[in-house]
Amino acid sequence: MPDERKTPDERAGMTDLERLRHSAAHVLATAILRLWPEAQLAAGPPVENGFYYDVELPHHISPDDFGKIEAEMKRETKANHPFERVEVSRDEALDMANRGLLGALGARSAPSKFKLDIIENIPEGEKITLYRNGEFTDLCAGPHVMRTGNIGAFRLTNIASAYYKGDEKNPQLQRIYGTAFKNKTQLDEYFAMLEEAKKRDHRKLGKELQLFAFDDDVGPGLPLWLPRGAAIIEELEKLAKETEFAAGYQRVRTPHIAREQLYKTSGHIPLYKESMFPPMTVDEHEIERAEWEKSKAGAEFGITRFIEDRLVAEGKSSDADQAAFKKRWGEEAWEQFIINTGGDALDAGIGGEELKRSLANYKERVNHLRRLGLPDVYYLKAMNCPHHHKLFGAVPRSYRDLPLRLAEYGCNYRYEQSGELFGLMRVRSLQMNDAHIYCTEEQFEEEFRAVNEMYLKYFKIFGIDKYIMRFSTHDPAKLGQKFVDNSELWLKTEEMVRGVLQRSGINYIEVPNEAAFYGPKIDVQVWSAIGREFTIATNQVDFAVPARFGLVYKTRENTEATPLCIHRAPLGTHERFIGFLIEHYAGNFPLWLAPEQVRILPIGDEAPLLEYARSIENELRAHEVRAELDAGSDHIKSKIASAEQMKVHTMLVLGKRDLEANAVSLRVHGQGNLGAKPRAQVVAGILAAIKERRPLATHGSWGRELAR
RNA sequence: GCCGAAGUAGCUCAGCUGGUAGAGCAGCUGAUUCGUAAUCAGCAGGUCACGGGUUCGAGUCCCGUCUUCGGCUCCA
């Protein structure tokens, strides 16, 4: 949370680079004020890749303004003013803010309104400090570098909007982002890294490599998987199925929709209703219902008219009448009677044949509508757990059945806010590598440990060597609102999870107040080959929802107990995981994952050569290798260029010489020509590399091994 | 959802202050038979995101909608 106050301890812990960037934010503010003295400054902290300053300003700053802002910043760093720390009393600070002196170059007519607000939020007893560089003074707790000249190299990067303190009820500010480094070399390296990241962008590569597409008619956030992308999905599912089968999981299948009641039971409605697609209403009695509703309204009118015409006019009523009415016609008719007469019926006498007829008519209609029942309401499923809970409950369970591990690549639909959609990383239809493990408390530790080990196994396969597990716990103050109200269970399960994480030596950090509503969770963060961060999977403990579903198993003592549930998805969703893999591998997938594993490129199109090429293609395809034959009339250079461009993993170039020697000329994407090899050796090498899921991409070792 | 920017051929992009919509690549047809990153020629390809408006005339100006992007907020 960028706008949450940092404690003095956290500030003292700022790294040198953060200090430098924080100082750069002050220099940015100095420059902005020189150009637009009326600017109201809010906050300007260092962030992960740089810094920003939030300002309120009538002029809309655009990248076109960056040049002149940077020029002013340059002047300030050239001047090499010292950062001067001044301690002031609360009253002095308030006085200065009122005179517009804070976040300013000098006195101004308007008070420094955001600074005033910030001062008011500084806890009593905490020191209030100002920092000055040149003529610029800002309310700031520091720390800073010694002088403005210590900011070696900086550049403004982009501009965005942000609510003051991140609250949409507050005014919207312009947030100017920049980055700064000790020297120009580091700055240049950073921008080179960004360039590389741009080249690896999964949206760009996904289009170029024909992996997936989006279409306006299908809808935003609903990816269409082209055959090349679907091939990756197939491989991931194969991997998951093998791994999970070996770990004792059982596969299940559930529909994509369910009745409203399921999500009421699970508690997702109303808690997550906004992020679900709006419901579908199915009404088999739509016409009949409409007719009877209409005649019910007619009957009501009849009652009303009777009241108006007769009873009210005659003006008589009694408690005995009321009781008699209710007994004869029921509570509902009485209520309706009251509603229709605006309460006058209380004072009116009850009786008369006409009223009786009207009420009989009315009641018949009410009863008929009741028999029709309510229309069916269905939701697209936003998660698989409720369906899986129903599967647990579908069969009587005993402790002997536990742990029960139900796995499914379930397709979920989530109505993510339009502004959240982002390529494959945030979508509205997602296929999750989901499973739910139902177990006893005693089994929990072993199950949870096994899940973590599965993560580590996958990391190895995909060459992910940097990860962290974020262990999110509850906030006791929000029990009953954001979190299921059971303090004891929270503490108990959190302790269990913490224990497993500690004992298994997993790399984790603890994050308070971010748990799921039904239990503590673990978010798995990984870093791609170029150091971009992704949250790939979440792993959750659920001690609440199985009870809501009334799930029980028979214990050894023949009593009933509720199982614990672990929600886990090591490969997250296909969408996000493949998005990650594309950027991780820069589109150069290892052979087993490559959309097109082998392309056969004959030199020329003479019949015997094509026949030879076809026989190799058939042999590979018989082993389910994704092999294609380029039988076109292009020159070989051109065929190679096309194959390289599509990042085809292995190319087999075939000419007369190869035909005569029963050989193939091996070429691997990124490795170039590896020379002619016996056909059987190359085929065997390809099959082995796929079977073993050798982790490296094109720079991998298998091509080299074959070339030996 | 909020703020800002963008949307021209399958892709990458040009199209100036309003005056008949263009290139390269990809595609198709033909020629080329070439040993490791692009052989040549021809053809075809467009409701300039969509809907209104201003104008004699709109890709270009104005308004609305959709989508995408950069952020904010959100993420069971």
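Reminder, nothing fancy here: chain letters follow the sequence lines and each chain counts from 1. Values reported hereafter were calculated over all heavy atoms of this structure, with side chains retained and with hydrogens, waters and symmetry mates removed.
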So what does Ser275(A) hit on the nucleic acid, given a heavy-atom distance under 4.0 Å: a base, only sugar-phosphate, or nothing? base
Would you call Asp658(A)-Lys656(A) a salt bridge at under 4.0 Å N-O? no
If you check the Tyr177(A) side chain, which of C69(B), G71(B), A31(B) turns out closest? G71(B)
With no hydrogens and no angle check, just 3.5 Å: does a side-chain donor-acceptor pair link Glu260(A) and Tyr378(A)? no
Using heavy atoms to find the nearest nucleotide of RNA chain B for Pro602(A) and Glu644(A) separately, return the residue whose nucleotide is more 5′. Pro602(A)
What's the shortest heavy-atom distance between Leu571(A) and Phe577(A), and which atoms? O-CB, 3.4 Å
Could you work out which one of G35(B), G70(B), C72(B) sits closest to the side chain of Arg657(A)? G35(B)
Between protein and nucleotides 48-52 of chain B, what N or O pairs are separated by less than 3.5 Å?
none

Looking at U39(B), does its base get a donor-acceptor pair with the side chain of Ser638(A) below 3.5 Å? no
Could one point to a donor on the side chain of Asp658(A) or the base of G35(B) with an acceptor on the other under 3.5 Å away? yes
In whole angstrom, what separates Asp630(A)'s CG from U36(B)'s P? 16 Å
Taking any heavy-atom pair under 4.0 Å as a contact, classify Glu606(A): base, sugar-phosphate, or nothing. sugar-phosphate
On a whole-Å scale, what distance lies between the C1' atoms belonging to A6(B) and G59(B)? 14 Å
Heavy atoms only, 4.0 Å cut-off, all strands: where does Ala643(A) land among base, sugar-phosphate and nothing? nothing
Full working for salt bridge (Lys or Arg N to Asp or Glu O under 4.0 Å) between Arg426(A) and Glu575(A): CA-CA 8 Å; Arg426(A) 277 300 274 285; Glu575(A) 288 73 16; over 6 Å; no
Selected nucleotide, minimal atom distance to Glu420(A) side chain, candidates U36(B), U68(B), C72(B): C72(B)
Salt bridge flag under 4.0 Å for residues Asp54(A) and Arg175(A): yes
So Thr538(A), base contact, sugar-phosphate only, or nothing? Heavy-atom distance under 4.0 Å. nothing
Under 4.0 Å between any heavy atoms, over every strand shown, what does Tyr272(A) touch: base, sugar-phosphate, or nothing? Just pick one. base
Taking for Ala516(A) and for Gly221(A) the nucleotide of RNA chain B with the nearest heavy atom, the one nearer the 5' end belongs to Gly221(A)
Can you check whether Lys207(A) has a side-chain N or O nearer than 4.0 Å to OP1 or OP2 of U12(B)? yes
When you measure from the side-chain N and O atoms of Lys521(A) to the phosphate of A76(B), is any distance below 4.0 Å, counting only OP1 and OP2? yes
Closest to the side chain of Pro220(A), out of C74(B), U68(B), A76(B), is U68(B)
Could you give the distance separating A44(B) and G24(B) at their P atoms, to the nearest angstrom? 14 Å
For G70(B), does either OP1 or OP2 sit under 4.0 Å from a side-chain N or O belonging to Tyr52(A)? no
Span that lies between the P atom of A26(B) and that of C11(B), in whole angstrom: 15 Å
Classify the ring geometry of His574(A) against Tyr409(A): parallel below 30°, tilted from 30° to 60°, perpendicular beyond 60°. parallel
With distance as the sole criterion, do the side chain of Arg426(A) and the base of C74(B) form a donor-acceptor contact below 3.5 Å? yes
To the nearest Å, how far apart are Tyr415(A) OH and A76(B) C1'? 18 Å
Base, sugar-phosphate, or nothing: which does Leu601(A) touch, judged by heavy atoms less than 4.0 Å apart? nothing
When rounded to the nearest Å, what value does the distance between P atoms of U29(B) and C34(B) take? 23 Å
Just how far is it from atom OG1 of Thr473(A) to atom CD1 of Ile522(A), taken to the nearest 0.5 Å? 11.0 Å
Does the side chain of Ser615(A) come under 3.5 Å of the side chain of Glu617(A) through a donor N or O and an acceptor N or O? no
For Thr535(A), report the nucleic acid contact type (base, sugar-phosphate, nothing); a contact means any heavy atom under 4.0 Å. nothing
Mind checking Gly675(A) for me? I need base, sugar-phosphate or nothing, with any heavy atom below 4.0 Å counting as a touch. nothing
Could you check whether Phe214(A) gets within reach of a base, just the sugar-phosphate, or nothing at all, counting any heavy atom under 4.0 Å? nothing
Got a sec, which residues hit salt bridge (charged side-chain N to carboxylate O under 4.0 Å, His left out) with Glu596(A), two or more places apart in sequence or on another chain? Arg228(A), Arg599(A)
Expressed as a whole number of Å, how far does the P atom of G10(B) sit from that of G46(B)? 7 Å
Of the candidate nucleotides U33(B), C34(B), U36(B), which contains the atom at the shortest distance from the side chain of Asn673(A)? U36(B)
How would you label the contact of Arg203(A) with the nucleic acid (heavy atoms, under 4.0 Å): base, sugar-phosphate, or nothing? sugar-phosphate
Atom OH in Tyr455(A), atom OH in Tyr467(A): separation rounded to 0.5 Å? 12.0 Å
Nearest to the side chain of Phe422(A) - G70(B), C34(B), A38(B)? G70(B)
Given the structure, check if the side chain of Gln645(A) and the base of A38(B) hold any donor-acceptor pair shorter than 3.5 Å. yes
Quick note, Ser418(A) side chain, CB onward, closest among U33(B), A37(B), G1(B) is G1(B)
Could you tell me how far G71(B) sits from C28(B) if I compare only their C1' atoms? Round to whole Å. 45 Å
Pick the C1' atom in U60(B) and in G19(B), then give their distance to the nearest Å. 11 Å
Assign Glu208(A) to base, sugar-phosphate, or nothing according to its heavy-atom contacts below 4.0 angstrom with the strands shown. nothing
Side-chain ion pair, Lys647(A) and Glu208(A), N-O less than 4.0 Å: no
The side chain of Gln417(A) lies closest to which of these nucleotides: A76(B), U73(B), A37(B)? U73(B)
To the nearest angstrom, the NE2-P distance between His389(A) and A76(B) comes to 15 Å
Measuring from Leu424(A):CG to Ile582(A):CD1, what's the distance to the nearest 0.5 Å? 6.0 Å
Specify the closest pair of heavy atoms between Ile600(A) and Pro602(A), including all atoms of both residues, with the distance to one decimal. O-CD, 3.4 Å
Basic-acidic side-chain contact under 4.0 Å: Glu514(A), Arg470(A): yes
If you measure from the C1' atom in C16(B) to the same atom in A37(B), how many Å do you get, rounded? 38 Å
Selected nucleotide, minimal atom distance to Lys656(A) side chain, candidates C75(B), U68(B), G35(B): G35(B)
Measure the distance from NE2 on His268(A) to P on C75(B) and round it to the nearest whole Å. 13 Å
Using the aromatic ring of His635(A) (for Trp, its six-membered ring), decide whether it stacks on the base of U39(B) within the limits of 5.5 Å and 30°. yes
In what stems does RNA chain B take part, counting only runs of at least 3 consecutive Watson-Crick or G-U pairs whose two distances fall under 3.5 Å? B:1-7 with B:66-72, B:10-13 with B:22-25, B:27-31 with B:39-43, B:49-53 with B:61-65
